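A short worksheet on the structure shown next.
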Amino acid sequence: MEYKFNEIEKKWQDKWKADKVYKVENNFNKPKYYVLDMFPYPSGAGLHVGHPLGYIASDIYSRYKRLKGYNVLHPMGFDSFGLPAEQYAIETGQHPAETTKKNIATFKAQLDKIGFCYDWEREVQTSGPNYYRWTQWIFLQLFNSYFCDTCKKALPISELIKKYETKGSSEFTADEWNNFSTAQKEEWLMQRRLAFSKYGEVNWCEVLGTVLANDEVVNGVSERGGHPVVKKKMRQWYLRITAYADRLLEGLETVDFSDSMKEMQRNWIGKSEGAEIKFEIQNLLAGTQGSKFEIEVYTTRPDTIFGVDFMVVAPELDLVQQIKTTDQTSAVDEYIAYVKSRSDVDRMAEKKITGCFTGAYAVNPFNGKQIPVWISEYVLAGYGTGAIMAVPCGDERDFKFAQHFNIPITNIIGKHFTGEEANPIKEVPYSNSEFVNGMKYAEAAKVVIDKLEEKGIGKRKVNYRMRDAGFSRQRYWGEPFPIIWNDGVAVALEEIDLPLELPHVDKYGPGPEGEGPLGNLKDWVKVTNGLRETSTMPGYAGSSWYFLRYMDPHNATTFCDKKVSDYWNQVDLYVGGTEHAVGHLLYSRLWTKILYDLGHIGFDEPFKKLLNQGMIQGSSRLACRVRNSNKFVSYGLKNKYDVDEIYVDVNFVDGVELDISEFKKWKNGEYANAEFILEQDGKYICGVETEKMSKSKYNTVNPDVLCKKYGADTFRMYEMFLGPVEASKPWDTKGIEGVHRFLRKLWRLFNDDVKGKIWVDEKPTEAELKILHRTIKKIEEDTEKFSFNTAVSAFMICVNDLADAKCYKKEILEKVLILLVPYAPYIAEELWHQVGNTTTILDAQYPTFNPALLVESSKEYPVSINGKVRTNISLALTLEQVEVEEIILQNEIIQKWLEGKTPKKIIYVKNKMINIVV
RNA sequence: GCCCAUGUGGCGGAAUUGGUAGACGCAGCAGACUCAAAAUCUGCCAUUCGCAAGGGUGUGAAGGUUCGAUUCCUUUCGUGGGCACCA
């Protein structure tokens, strides 16, 4: 009987579906385990082999936990709002709802073939009204809350109102508050709401009449059409994530993310402690006497204030216009015009040093020294105060700037500054620094700040790099805001009016005044009490809380019953790529914290452990075409000709050898008449390039094809066998045969192609038990630590050993099958039934490892002399140093290598090795 | 420019975290079975010197620590990814 994987997999797919084996109950009595994948955006291109890497890993772990007796939640859904569907609609006129539906169907069919254990009854789609109803509801929770600075948590805005009515605030008294107009009150409240609206800068393209995302702007012009893009102020919605900066930082201590992942989040939040210092400006423009100008800088190194040699102000600041001197006006204006012409990307990538002197001088408050004030694009308006005090002897950028513009440098760190480069050292006593001379960083910083505060010209300041998160998009395919604008006041919809369904549109172009497409729907926008908000929520809205909805996906009265979320609780294992390191992960963490503060859930970190899967890159194949001809020359001979390299489809290249007949059929016979110049051995060899997997490079491989050819079990195991899940690696189908052979070999332990059944019900020998238990130990350990590639190799070793031992015994084989279920569920279930089981293997009991079986009494020790292994000697494990020394010195080979010399020292590490030092 | 990751045979990778480098697999070579092919099985397979026995070298490069380094430290080069020049 052969291993007919296609039949077997179909059979169990149907059976499992009929039996609802993957249905997950909210069974509060059972220990739970929650495994989650980052859900995909259902793109039109379908799945390629890169997608399932993480899904397979999480599926293996879920099935493993299930075998271990857990109630495992391992759901899947779709992040189905987003720009590509809208873009596609603009191009083809097909409604996003239609294309999204189609794409989801394709994705699901592909996923099901690979054999994941999803309970599709729990599927969520962020673009479904039953889902986004609750996204809107949570938005209203945010809108109706504020961050209490004293208790460091979110509270209902009604409490703030109560406080204002009775006690007022630092800005107004209770009486004043009560006499405010509604609009005035709302304005104050808007400044405290967690979801709030204010004017913010967006990338505006006048020609397209629309707002563009950063990646749609290239070199200051729109990616589509190349039209100019400018910064424009528009009313936008934001989430007050900055209020949670500290808690988002602290929370990192409690979760199991990789260090680099935590580092990325910390960098994004960018907490720094320093001081804000005011510097007076000395030279004022004529006509501005009487008004006193100051520059306020933010610095993390107030201790270096005596090393300040110049100041740099962001060119965008209004202050620049006020302080520039007549002499420098034209130079400054010219420089500002230059900066405006440059995109953020340019400013970031540029290495050349630019700047312009304003003509103004600031005064060092402690020694009265005159400090020239410059403007330069390396100082950003949006961070800190938009101005810095430059200390060139301690800061690399300041140093280069000073050098470039020949600004004299003050040395405050003595011999630690060479004049060649800056030295940001903190642990040396300062010189040239008056009252902090001899002090080091910590003490000096404190003394300086104290003095600043005393003089009233500076204060201690904690700064965050992170800004509030923009939460509105001038787009169609997203959640509509449940907000109505009434005379400039944002009025929230009542809960009962949710969901506010996304209305149907026929055209996807921008609305008036840069509004989103919804702005075109006059009848929809105009309601009795005002005008609807026409922007929609961003992609991350729906994905910020989806892990909660899986727990209780059909609840019509709440987003997720508290009892249910108390049970499933945090996601125990979250699997996904690093590209979401800051965005999605940070937003989910924020939403979780807010929902926790408001009492809707009982935990304030969503993901307990994060596993990052690596990116699978494409391995492109290139053919060399002789220029202006239809001749193709093999890669090894290309230097003899003038060639163009063209991409060929990886699916008809075996390794690097092109299948010429397939190639000729490609693209409707475009190359049917091509001629080929071959290598000496008659092969046509392709060039190889590792790059992103994409359709245009013909380097995508569809999992469906591989599942059909080798079976899903082979495909699953091969993806794992490629290497560690966390590592990025190029895809190469070549090695899949090896994994497939392994499964066939396993099959032949049960069945012979000719004789049929060969498995037997006999007592295993000790040696056979040893093979089994060694495997149990290894597979369990490797699965626990997500080392799936080594687990696959352990399975191979096990099957090789059993085949060599001609062990066809049910008692052994059956246990191996259980170990294999997470990795290759179909073949495991099939063989499980063949040996006589009638219930599903998915709920079998995981075998227990018996250490007694693996106890060894002796070991083959490597014996080296001066670190070089010279021989192996088998010794009992009980031996002590003296006995060992005696035995090995008698050894002939060792004696030969010692050449009569006496060893200086003999190192003996039990169960490891022996080293003789001569 | 900054940050993070990574570098081991022809290839994907392994190495109990300081203890026999190259497990397992692919590819390749030789052989068995077969009329033949497929499938399967057996053996070889880092490199170099040697008929062999047996040596030398070898984990991007150069140093260092150690009885012993793929593993730890310093410097350096290459590749991949990210970024908001963050004071």
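For the numbers below, each heavy atom of this structure counts, side chains included, while hydrogens, waters and symmetry mates do not. Just so it is clear, the structure is predicted and the values come from calculations on it, not from any experiment. Labels below follow one simple rule: chain letters A, B, ... track the order of the sequence lines, proteins then strands, and each chain is numbered from 1.
The number of heavy atoms from other shown groups lying within 6.0 Å of CD (A/Glu892) does not exceed 12.
A/Lys910 pairs by the side-chain hydrogen bond (donor to acceptor under 3.5 Å, both in side chains) definition with A/Glu880, not counting sequence neighbours. Under the salt bridge (charged side-chain N to carboxylate O under 4.0 Å, His left out) criterion, A/Asp713 pairs with no residue at all, not counting sequence neighbours. Residues satisfying the side-chain hydrogen bond (donor to acceptor under 3.5 Å, both in side chains) criterion with A/Tyr823, sequence neighbours excluded, are A/Thr783. Under the side-chain hydrogen bond (donor to acceptor under 3.5 Å, both in side chains) criterion, A/Tyr335 pairs with A/Thr354, not counting sequence neighbours. Taking the salt bridge (charged side-chain N to carboxylate O under 4.0 Å, His left out) definition, one finds that A/Lys778 meets it with A/Asp782, sequence neighbours left out. For A/Lys400, the side-chain hydrogen bond (donor to acceptor under 3.5 Å, both in side chains) criterion is met by no residue, not counting sequence neighbours. Under the salt bridge (charged side-chain N to carboxylate O under 4.0 Å, His left out) criterion, A/Lys770 pairs with A/Glu856, not counting sequence neighbours. Applying the salt bridge (charged side-chain N to carboxylate O under 4.0 Å, His left out) test to A/Glu885 and every residue at least two apart in sequence or in another chain returns nothing. A/Tyr441 meets the ring-ring contact (aromatic ring centres under 6.0 Å, His included) test with no other residue; sequence neighbours excluded.
Contact annotation for A/Ile907: base contact, defined as any heavy-atom pair under 4.0 Å involving a base atom. Across all strands shown, A/Lys904 has no heavy atoms under 4.0 Å from either base or sugar-phosphate atoms. Within 4.0 Å (heavy atoms only), A/Trp731 reaches no atom of the nucleic acid at all. Counting non-hydrogen atoms under 4.0 angstrom, A/Asn915 reaches a base of the nucleic acid.
Straight-line distance from the CG atom of A/Asn789 to the C1' atom of B/G12: 10 Å, rounded to whole Å. The distance from atom CG of A/Asp801 to atom C1' of B/A23 is 12 Å, rounded to the nearest whole Å. For A/Asp752 and B/A39, the CG to P distance is 17 Å, given to the nearest whole Å. Whole-Å rounding puts the A/Phe742 CZ to B/U40 C1' distance at 17 Å. Computed from coordinates, the A/Ile906 CD1 to B/G19 P distance equals 21 Å when rounded to whole Å. For A/Tyr441 and B/A87, the OH to P distance is 11 Å, given to the nearest whole Å.
Across every non-hydrogen atom of A/Met466 and A/Leu586, the tightest pair is SD-CD2, 4.5 Å.
A 4.5 Å side-chain heavy-atom check between A/Lys868 and A/Trp897 finds every atom pair outside the cut-off.
B/G60 and B/U79 have their C1' atoms separated by 10 Å, given to the nearest Å. B/G58 and B/U47: their P atoms are spaced 16 Å apart (whole Å). Taking the C1' atoms as reference points, B/G9 lies 14 Å from B/U70, given to the whole Å. For the P atoms, the distance linking B/A14 with B/U66 amounts to 31 Å, nearest Å. Taking the C1' atom of each, B/G22 and B/C44 are spaced 16 Å apart, rounded to whole Å. B/A32 and B/A37 are spaced 16 Å apart, taking the C1' atom of each and rounding to whole Å.
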Checklist outcome for this item: Quick tally for nucleotides 24-32 of chain B: nucleotides whose base has a protein heavy atom under 4.0 Å get B, sugar-phosphate-only ones S, the rest -, giving BSSS-----
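Ranking B/A84, B/G19, B/A87 by closeness to the A/Val909 side chain, first place goes to B/G19.
When both distances must be under 3.5 Å, the Watson-Crick or G-U wobble mate of B/G10 is B/C26.
Contacts between residues 863-874 of chain A and RNA chain B, defined by a heavy-atom separation under 4.0 Å, are made by A/Lys868, A/Val869, A/Arg870, A/Asn872.
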Output one line per pair: protein atom, nucleotide atom from nucleotides 15-17 of chain B, and distance, for all N/O pairs under 3.5 Å.
none

